[in-house]
Amino acid sequence: MKEQILSFLPPEYPWKDRPFVFPELDSTNNRLKVLASQGAPHGTVLIADRPTGGRGRMGRSFLSPPGVGIYMSILLRPECAPPELMPLTCAVAAAMCRAVECAAGLRPGIKWTTDLVWERQKFAGILTDMGLNAAGGVDWAIVGIGVNCCQKAEDFPPAIRDRARTLAMAAGRETDRCRVAAARMEALWEMDASLFTGKKDMLRFYRENCVTIGKEISVVGAGEVRHGRALDVDDEGAL
């Protein structure tokens, strides 16, 4: 699988020595945290055919059977203060939109802040983690992305079948997981190069493709539910 992924990357991709593919891991984010603490370099990528302990936002688990999805985490080492990374998740979501369009020929929507959707059904999620150095600056940032690629509707449990989608279902044809993985890696490389200099353009793209803006929403947290209309995403990525 690794060689197939590398074959889809452009010659100028700078981190070809840093992807590692595993048949199974508990969590690509958790394993990459360990490697980050051991000095793993910027641009290290872990891909698991099947993560057994994957998690989403707020500690939620996610369905990740083998052979049908791409579950990937990348290690970044930006030299900045933590507040400067506030828009990182938005930047990753925008990059993943471009990657999906490149690999599958369709432009997904972004459900603020971490989900990619097609016709309001989720097919990808993003999870970011950050570690600080002794001076209080960013030591590392880890971005995990899980994408449903090849499942059929009947592969999902009935409880989530009306809310889940895959790239193959959205595109109406088979999806090459290795091509999708390579497109994601290339998009993350390009995102990293413009993370601080291209913030304005990134946020414009994010807003244009965010399906949450303009919708009536409910915000659940801290034991309460608040209702309102999503007006915009600010310059730090907050709704």
Checklist line | Non-neighbouring partners of Y13 that pass ring pair (Phe, Tyr, Trp, His ring centres under 6.0 Å), sequence neighbours left out | finding: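 With neighbours one apart ignored, the set is W15, W189.
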Next item on the list: Sequence neighbours left out, what pairs pass salt bridge (charged side-chain N to carboxylate O under 4.0 Å, His left out) with at least one residue falling in residues 191-200?
Entry: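 Listed once each, the pairs are K199-E236.
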Item checked: Stepwise side chain to side chain contact (heavy atoms under 4.5 Å, CB included) check, R226 with S218 -> CA-CA 6 Å; R226 301 171 63 192; S218 298; over 6 Å; no
Check: To the nearest 0.5 Å, how far apart are CG in N30 and CG in D129?
Finding: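 Separation between the atoms: 7.5 Å.
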Next item on the list: Carefully, step by step, assess Y206 and T113 under the rule side chain to side chain contact (heavy atoms under 4.5 Å, CB included).
Entry: CA-CA 10 Å; Y206 185 95; T113 180; 3.8 Å; yes
Note to self: Would the distance check show the side chain of T175 and the main-chain N or O of C150 forming a donor-acceptor pair, the cut-off being under 3.5 Å?
What the structure shows: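 Absent.
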Notebook entry, point to check: Between D155 and K152, is there a donor-acceptor pair closer than 3.5 Å when you use the side chain of the first and the backbone of the second?
Noted result: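 At least one qualifying donor-acceptor pair exists.
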Next item on the list: Please lay out, stage by stage, how S194 and M202 fare under the test side chain to side chain contact (heavy atoms under 4.5 Å, CB included).
Entry: CA-CA 9 Å; S194 61; M202 178 277 292; over 6 Å; no
Checklist line | F156 six-ring centre to R165 NZ/CZ under 6.0 Å and within 45° of normal | finding: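 Cation-pi check for R165 and F156: fails.
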Ignoring hydrogens and angles, write down the donor-acceptor pairs under 3.5 Å from the side chains of residues 101-110, residues two or more places apart or on other chains.
residue	atom	partner	partner atom	Å
E101	OE1	R107	NE	2.8
E101	OE1	R107	NH2	3.0
R107	NH1	N209	OD1	3.1

May I have the list of side-chain donor-acceptor pairs in residues 16-25 shorter than 3.5 Å, sequence neighbours left out?
residue	atom	partner	partner atom	Å
K16	NZ	P10	O	3.4
R18	NH1	H42	O	2.4
E24	OE1	R50	NH1	3.0

Item checked: Whichever hydrophobic residues join V211 through chains of side-chain contacts under 4.5 Å ->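 Cluster partners of V211: V117.
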Side-chain donor-acceptor distances from residues 72-94 under 3.5 Å, at least two apart:
residue	atom	partner	partner atom	Å
S73	OG	T28	OG1	2.6
S73	OG	N29	N	3.2
S73	OG	N29	OD1	2.5
R77	NE	A40	O	2.9
R77	NH1	D139	O	3.2
R77	NH1	D139	OD1	3.3
R77	NH2	A36	O	2.7
R77	NH2	A40	O	2.9
E84	OE2	A81	N	3.0
T89	OG1	T128	OG1	3.1

Item checked: Ion pair check, D235 and R207, cut-off under 4.0 Å ->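 Counted as a salt bridge, because a side-chain N and a carboxylate O are separated by less than 4.0 Å.
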